[in-house]
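Please read the structure below before turning to the comments.
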Amino acid sequence: MTDTIHYSCLDSPFGPVFAAKTIKGVCLVSLSKISEAKFQSLLRKSFRKDAIRDDRKLKNAIHELSDYFNGNRVNFRFPLDLSIGTEFQRKVWEKVSEIPYGELRSYKWIASEIGNPDAVRAVGNAVGENPVPPIIPCHRVIRSDGRLGGFSSGIALKKWLLRLEGHNTRSTYSSQT
């Protein structure tokens, strides 16, 4: 059934992580602490399709995400379905996906790289709407002044992900609480 979205769940060091895929690829990852019912509701609202749990269909994605959350450097190799985003959002997400493991870039840098240097705020909004963190590593995007900026799953998790990749968030971001 092509209109069906399949999803699965993994236990991460910070709680359950849900991932979903369409026939095209992984379309949504939730790092926020939500219930399975809430994730199903989010899928129905976002994609207007039925959602069925099928751990086998997401086996590779779950395995790679689990490896990543356990501190292994992972180059995610599964296809993505980013059709939920606008053309501008997909352009931003593509640029964010180029940020190497363990490195940081600013919202301003992304805006300049996509040819729209005055769109810093719009870039920030697009980064905040990233449907597949950490596959598209929006946690690696910070403010130009070195502060963390926002993160859809909370600043504590952003700091956790950055420490996982080798950043000392205490000294680098001491002015941010």
Just wondering, do [Y] and [X] contact through their side chains at under 4.5 Å, heavy atoms?
| X | Y | value |
| --- | --- | --- |
| L28 | D81 | no |
| L161 | F151 | yes |
| T86 | Q89 | yes |
| I142 | Y107 | no |
| I110 | V141 | yes |
| Q40 | Y7 | yes |
| L80 | I136 | yes |

Closest heavy-atom contact between [X] and [Y]?
| X | Y | value |
| --- | --- | --- |
| P137 | S97 | CD-CA, 3.8 Å |
| Y68 | L164 | O-CD2, 3.2 Å |
| P133 | V29 | O-CG1, 3.1 Å |
| F88 | A122 | CE2-O, 3.6 Å |
| G149 | I155 | O-CD1, 2.8 Å |
| S152 | S32 | O-OG, 4.1 Å |

Just by distance, do the side chain of [X] and the backbone of [Y] share a donor-acceptor pair under 3.5 Å?
| X | Y | answer |
| --- | --- | --- |
| D54 | S8 | no |
| S12 | F14 | yes |
| K158 | L148 | yes |
| W93 | A126 | yes |
| E64 | R77 | yes |
| S46 | L42 | yes |

- Is NZ or CZ of R105 both nearer than 6.0 Å to the six-membered ring centre of W109 and within 45° of the ring axis?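 The answer is yes, since R105 meets both limits relative to W109.
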Can we say [X] and [Y] salt-bridge, meaning some charged N sits less than 4.0 Å from an Asp/Glu carboxylate O?
| X | Y | answer |
| --- | --- | --- |
| R53 | D55 | yes |
| E94 | K91 | no |
| E103 | R140 | no |

How long is the straight-line distance from [atom2] of [Y] back to [atom1] of [X], given to the nearest 0.5 Å?
| X | Y | atom1 | atom2 | result |
| --- | --- | --- | --- | --- |
| F39 | S30 | CZ | OG | 6.0 Å |
| K45 | K38 | NZ | NZ | 7.5 Å |
| L43 | C27 | CG | SG | 6.5 Å |
| I5 | R48 | CD1 | CZ | 11.5 Å |
| I52 | T4 | CD1 | OG1 | 4.5 Å |
| I23 | K57 | CD1 | NZ | 8.5 Å |

- Task: Evaluate the criterion side chain to side chain contact (heavy atoms under 4.5 Å, CB included) for residue pair V92 and N130; output intermediate values, then yes/no.
- Result: CA-CA 9 Å; V92 169; N130 173 16; over 6 Å; no
Go through the steps to decide whether I135 and L65 satisfy the test side chain to side chain contact (heavy atoms under 4.5 Å, CB included), and finish with yes or no.
-> CA-CA 8 Å; I135 301 160; L65 284 165; 4.1 Å; yes
Atom CG of N75: over 12 foreign heavy atoms under 6.0 Å:
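Counting neighbours around CG of N75, 12 or fewer heavy atoms of other residues, nucleotides or ligands fall under 6.0 Å, so no.
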*Report the C-alpha separation of L58 and H6 in whole Å, then their side-chain angles, then the decisive distance to 0.1 Å, and conclude whether the side chain to side chain contact (heavy atoms under 4.5 Å, CB included) test is met.*
CA-CA 8 Å; L58 282 112; H6 295 98; 4.1 Å; yes
Q. Would you call the rings of W160 and F69 parallel, tilted or perpendicular, where under 30° means parallel and over 60° means perpendicular?
A.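 Tilted.
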inquiry  = Before you tell me yes or no, could you show the steps for H139 and L162 under side chain to side chain contact (heavy atoms under 4.5 Å, CB included), namely the whole-Å CA-CA distance, both residues' side-chain angles and the distance that decides it to 0.1 Å?
reply    = CA-CA 7 Å; H139 61 282; L162 291 173; 4.0 Å; yes
